[in-house]
2 protein chains.
Amino acid sequence: MVDKKTKNWAGCPVRFGMSQFGDKWSFLIIRDLMFKGRKYYNEFLEAGEGISTNILANRLADLEHNGIISKHQDRIKRSKYIYRLTEKGIALMPMMLAMIDWAEKFDQQTEVPPEFIQKLRQNPDKLQQELLRQLEHN
Amino acid sequence: MVDKKTKNWAGCPVRFGMSQFGDKWSFLIIRDLMFKGRKYYNEFLEAGEGISTNILANRLADLEHNGIISKHQDRIKRSKYIYRLTEKGIALMPMMLAMIDWAEKFDQQTEVPPEFIQKLRQNPDKLQQELLRQLEHN
DNA sequence: AATTTAACTTGTTTTTTGCAAGTTAAATTA
DNA sequence: TAATTTAACTTGCAAAAAACAAGTTAAATT
């Protein structure tokens, strides 16, 4: 039973989440990394959401500082940097999937591929395994 | 299989989510409604997070406008208003629980009651049923 | 050697937030 | 019943953050 009397979750998990990745742009960067295969600064920039260069740089730095993403020099083109989700970042997948599930239910306009949403509802673990495998290929 | 080639989820569910409840204060209000039994304007104000009165009023109005919460006059004291999660708001519970699970893993300071987190990991459906029942009692 | 690419940084304007004080309507108290 | 208190806001202003435009730097390409 959940105890409403224990006044506060002193270190509140929701507040913690918000402090680590809790703004629009951070969420969208995590989405890009998790589901869209984007990994370079300019791929995020050109994702079409309209983020400004300074804000992008700032959010990438924050996310890296919070251990949600990591930054590596590209081996082939050393002027490029590859951003990746860390284990901590990858662990946000259930939350992201829950959000996608929710949005698909309540937003007419949301266009998640039907087979994605079907898999999400019928066999979420399997979908997650597939997504994780894709992340490792990056 | 997730198709990375279908360039965009034209109506992106993550962007939709962010537009509906995607800022720190909205999240904290939803948390208060979902887990803490708070339902009056001044309970949110005094929750200790330090939200300003104008921002609280604004976020409540936005959440109501987005259909995530509803506002009713208190029957006993008609100068008070009761805020409640709608079905759409209640449906955010899996996302919130995923967030709590995540935070508990990665934040030393997070203090979720152990029996809550244990239940969340061992029998999430049952926990959710219990939480839903509590919401209906409000 | 000159240009282009990629990832930023800097300066300025605009928007949003935070803070303090004020308003309104209902309920309680004197 | 008049005066005070409670509850939920609104308003005005200062401070912080975001958006916009332009500039910098280092590496790679021409």
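Throughout, a chain's letter reflects where its sequence line sits, starting with A, and its residues are numbered from 1. Predicted model, so just to flag it, every value in this text is computed and none were measured.
The CG atom of A:D23 sits 15 Å away from the C1' atom of C:dT15 (whole-angstrom rounding). Between the CG atom of B:L45 and the P atom of C:dA20 there is a distance of 14 Å, rounded to whole Å.
Using modelled atom types, no side-chain atom of A:N42 and backbone atom of A:L45 make a donor-acceptor pair closer than 3.5 Å.
Secondary-structure annotation of DNA chain D gives the stems C:1-30 with D:1-30, with a stem taken as at least 3 successive Watson-Crick or G-U pairs whose two distances both fall under 3.5 Å.
For B:N123, the side-chain contact (heavy atoms from CB on, under 4.5 Å) test picks out B:D125, B:K126, with sequence neighbours left out. Residues forming a side-chain hydrogen bond (donor to acceptor under 3.5 Å, both in side chains) with B:R121 (at least two apart in sequence, or on another chain): B:D101, B:E104. A:S19 meets the side-chain hydrogen bond (donor to acceptor under 3.5 Å, both in side chains) test with no other residue; sequence neighbours excluded. For B:T86, there are no side-chain hydrogen bond (donor to acceptor under 3.5 Å, both in side chains) partners at least two apart in sequence or on another chain. With sequence neighbours excluded, the residues that form a ring-ring contact (aromatic ring centres under 6.0 Å, His included) with A:F106 are A:W102. A search for ring-ring contact (aromatic ring centres under 6.0 Å, His included) contacts involving A:F27 returns A:F21, not counting sequence neighbours. By the side-chain hydrogen bond (donor to acceptor under 3.5 Å, both in side chains) test, A:Y81 pairs with no residue at all, sequence neighbours left out.
Note on A:F44: nothing from the nucleic acid sits closer than 4.0 angstrom, heavy atoms only.
Remark: B:K71, B:K77, B:S79, B:K80 in residues 70-80 of chain B come within less than 4.0 Å of DNA chain D through at least one heavy atom. Within residues 53-64 of chain A, the residues that place at least one heavy atom under 4.0 Å from DNA chain C are, in residue-number order, A:T53, A:N54, A:A57.
A:K80 contributes atom NZ, which lies 6.0 Å from atom CG of A:D74 (distance to the nearest 0.5 angstrom). Atom CZ of B:F44 sits about 10.0 Å away from atom NZ of B:K39, to the nearest 0.5 Å. Rounding to the nearest 0.5 Å gives a distance of 12.0 Å between CD of A:E43 and NZ of A:K36.
Taking the 5' to 3' direction, DNA chain D first and last meets chain A under 4.0 angstrom from a heavy atom at D:dA18 to D:dA28.
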### Query
Yes or no on side chain to side chain contact (heavy atoms under 4.5 Å, CB included) for A:L85 and A:L92, after CA distance, side-chain angles and deciding distance?
CA-CA 10 Å; A:L85 291 168; A:L92 288 169; over 6 Å; no
Atom pairs and distances, side-chain donor-acceptor, residues 58-66 of chain A, under 3.5 Å, sequence neighbours left out:
unit_1: A:R59; atom_1: NH1; unit_2: A:D23; atom_2: OD2; d: 2.4
unit_1: A:N66; atom_1: ND2; unit_2: A:Q20; atom_2: O; d: 3.1
unit_1: A:N66; atom_1: ND2; unit_2: A:D62; atom_2: O; d: 3.3

